[in-house]
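Everything on this sheet refers to the single structure shown next.
Below, read A as the first sequence line, B as the second, and so on, with proteins coming before strands; counting in each chain starts at 1.
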Amino acid sequence: MLWLALFAPELPFDLLKRQGHPPQRPAALLASDGRVALIAAVNAAAHRAGLTPGQSLAHAHTLAPGLLLLRRDPKAEDEALERLASCAYRFSDRILLAEGAVLLEVGGSLRLFGDVETLLARLHDAVSPLGLTLRQGLAPEPELALLLARSGGGRLLDPVRQRRTLAALPLAAAPLPSALVAELAECGLSSVGGLLQQPRAALGERFGPELVAWLARLLGERPPPYPAFVPQERFHAALDLPQPAHTVPELAFALRRLCQELAACLSGRHLGVERFLLCLRSRQSLEEIEVSLRSPAAQAERLFAAAETVLAVRTLRGPVLGLSLEAEALLPLLPSQGTLWGTVEAEGRLAELIERLEQRLGEAAVYRLGLIADHRPERAFYRLSASADVPPAPAGCAPAGERPTWLLPAPRAVAIADYTLLAGPERIESGWWDGADIRRDYYLARDRAGRRCWLFRDRRGWFLHGFFA
Amino acid sequence: MERAFLPEHPRLWRGARALPPGRHRVFAQGALSLPLENLSECLLPAPGHGEWQILAPLLTCWDGPVLLIAPPWIPYPPALFALGVPLASLLVVEAETPPRRLWAAETALRSGCRPLVLAWIERADFTALRRLRLAAAEGRGTLLLFRPLEAAAEPSPAVLRFALQEGRCRLLKGSAASSLRPA
């Protein structure tokens, strides 16, 4: 067994970056307990300005006047970890969710990827679109991997041989209550080594069963208590905008972010979406916009292009404060069928072009033309969907006489005096079986401008039907 | 300069003769040489003065997607089929306003599938045309615009411009390699 722990030490600040706030801006997390507001954590920019955890709010403001204050958002943090687990799903069949971390059993996947380095490199590529700062810990036991990740990262592949490294790991990094860690420090126990030297029963009596259980898990004597990650059948991600957006281009950053996250989570599970819902939240209302694609997609660029095309034709009802993306049906992605030698890519590009045109102009505005064996000129063809294949011409399609290259959508009544007849008549009499019967004499004629036209005369008079151009 | 144009039965002109790729990257079929990956303009007093006499032989030899953006009427499949035009590669795009037509043309040129784009856009200023020419070069698509004859007086970045009237054509702009030669 080999466990990889991915710990996100700066999760609240990563979520802040995700929203679009620049990382150079100092930011601090407020402690939620007690009546006095204290700083619980700071980002790198705030640290450079001199802020440290434990300072009061007033002190912090004097050091960094433009400080951005955050409160913990457990729901957003859980969603971020679920997204991380979705992206990592490709690399492991057993994923656990711990506090601020995701644990993956990768021993079973090693043979597929060759070696640990390749697996870690691919994993890094898969999760980087999420924009999280991660520390990695690699060990045979999940609890040990988690401790390694929380203490800055590292590998401990053989705890028996590497006893000294194990002993040096700090207890401050353990996922234990801070009060317990402080108590242990007072007794001079600040590293794992110190704990290992004490008899287990005495530790339990003095500090409680939680510590003993954790130590047992660390050494592999007990299984981990963390819940398993179960991939959801739907995707949901939301983002608050740093400033209200009044026009569609201002939404682009947030939209791209959400599409990247959706794409990363879908790729991790070899799934795609054919439609998703965008929700624009403004002060008064919630506007839902559906974006649909022609075929299941998982690439961020394609999802973003589709969403952008749909949004481009709309005007926003009011300043938008937040954006969310929801995808209900996650469909398996099939490898694209196609001919050999690079035409697969060309077909894919054409399919994407058709998709974009349809989204902007409407599905009825983009079509192909096919043939029908019918004597009536306006019925000798039909429109079919742009992404369908045009079937080969059915038998009997070749008309008796010459046909014009342009056909008017509907015959137009004209005055025969404006035309000079050149050839004809060709009688077309057909359609008695479905009520749209015609009896027309068609002629080739020249109009006043010199164009060659297709005219017909029926019982109602003379009509222009097409041009030989 | 009047030049006799294609005969009225393009079925006679089946063979494709592609010039070696050079500065103009020209596609030659019969008497027409269309510059590839570039913008050309065909100016007519009104639709119906002989577009398909150029298009039919061109399309019988074109390998790849062909988009018709805002054609004035229906490209009539029985006639096109009889002329040998491959219906399966045609895609008709209806767009009502000139900005939408320009957008559709540009999107198609930049799509990466290297299409032949035939677009009927009445009004387009020099900037829009230059943008389309750039899109054709960068996306490696070929654009042929159909515009009213009045546009002949306006400057255009198109590398080839010719006027069609009653089945006869007149060269307005274009160098020796990308010109219409007598049939």
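- At a 4.5 Å heavy-atom cutoff, I69(B) makes no contact with chain A through either its backbone or its side chain.
- Summarising the geometry of P75(B) relative to L369(A), their closest heavy-atom pair is O-CD1, 3.4 Å, with the distance given to 0.1 Å.
- Taking the side chain as every heavy atom from C-beta outward, P71(B) and W406(A) approach each other to under 4.5 Å.
- Within 6.0 Å of atom CD in E96(B), 12 or fewer heavy atoms from other residues, nucleotides or ligands are found, so the atom counts as exposed in its surroundings.
- Using modelled atom types, no side-chain atom of R451(A) and backbone atom of G50(B) make a donor-acceptor pair closer than 3.5 Å.
- Shown here for L91(B) and A386(A), the closest heavy-atom pair between the two residues is CD1-CB, 3.7 Å.
- Going from atom CZ of R100(B) over to atom CZ of R360(A) covers 6.5 Å, rounded to the nearest 0.5 Å.
- By the neighbour-count criterion of 12 heavy atoms within 6.0 Å, atom CZ of F463(A) is densely surrounded, having more than that number from other residues, nucleotides or ligands.
- Here P72(B) is the residue among P72(B), S89(B), P115(B) with the most heavy-atom pairs under 4.5 Å with chain A.
- You'll find the ring centres of F467(A) and W73(B) inside the 6.0 Å limit.
- Between the Y76(B) side chain and the A380(A) main chain, no donor and acceptor come within less than 3.5 Å of each other.
- Looking at P377(A), the atoms closer than 4.5 Å to chain B (heavy atoms on both sides) sit in the backbone and in the side chain alike.
- Within 6.0 Å of CZ on R427(A) lie more than 12 heavy atoms contributed by other residues, nucleotides or ligands.
- The choice from G466(A), P404(A), P409(A) that makes the most heavy-atom pairs within less than 4.5 Å of chain B is P404(A).
- Taking non-hydrogen atoms and a 4.5 Å limit, the residue list of residues 305-312 of chain A in contact with chain B, ordered by number, reads T309(A).
- Minimum interatomic distance between L408(A) and I74(B) (heavy atoms only, all atoms of both residues): O-CD1, 4.2 Å.
- Nearest heavy-atom pair, L353(A) versus C113(B), reported as atom, atom and distance to 0.1 Å: CD2-SG, 4.1 Å.
- Around atom CD of E429(A), more than 12 heavy atoms belonging to other residues, nucleotides or ligands sit under 6.0 Å away.
- Crowding of H246(A) atom NE2: a count of heavy atoms from other residues, nucleotides or ligands under 6.0 Å exceeding 12.
- Distance alone, capped at 3.5 Å, is enough to place a donor-acceptor pair between the R368(A) side chain and the L90(B) backbone.
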Margin query: For V92(B) and V366(A): C-alpha separation, side-chain torsions, deciding distance, then whether side-chain contact (heavy atoms from CB on, under 4.5 Å) applies.
Written below: CA-CA 6 Å; V92(B) 180; V366(A) 185; over 6 Å; no
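- Note on L361(A), L407(A), I354(A), V390(A): by heavy-atom pairs under 4.5 Å with chain B, the leading option is L407(A).
- Heavy-atom minimum distance, H49(B) versus A469(A): N-CB, 4.3 Å.
- For R383(A), the CZ atom counts as densely surrounded, since its 6.0 Å shell holds more than 12 non-hydrogen atoms of other residues, nucleotides or ligands.
- Residues E94(B) and Y367(A) come closest through the heavy atom pair OE2-OH, 2.7 Å.
- In terms of heavy-atom pairs under 4.5 angstrom with chain B, the leader among L371(A), L357(A), L384(A) is L371(A).
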Checklist line | Worked check of side-chain contact (heavy atoms from CB on, under 4.5 Å) between T405(A) and L83(B) | finding: CA-CA 9 Å; T405(A) 44; L83(B) 291 173; 3.8 Å; yes
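- The 12-atom threshold is not exceeded at CZ of R131(B), counting heavy atoms of other residues, nucleotides or ligands nearer than 6.0 Å.
- Heavy atoms of other residues, nucleotides or ligands lying less than 6.0 angstrom from CH2 of W432(A) number 12 at most.
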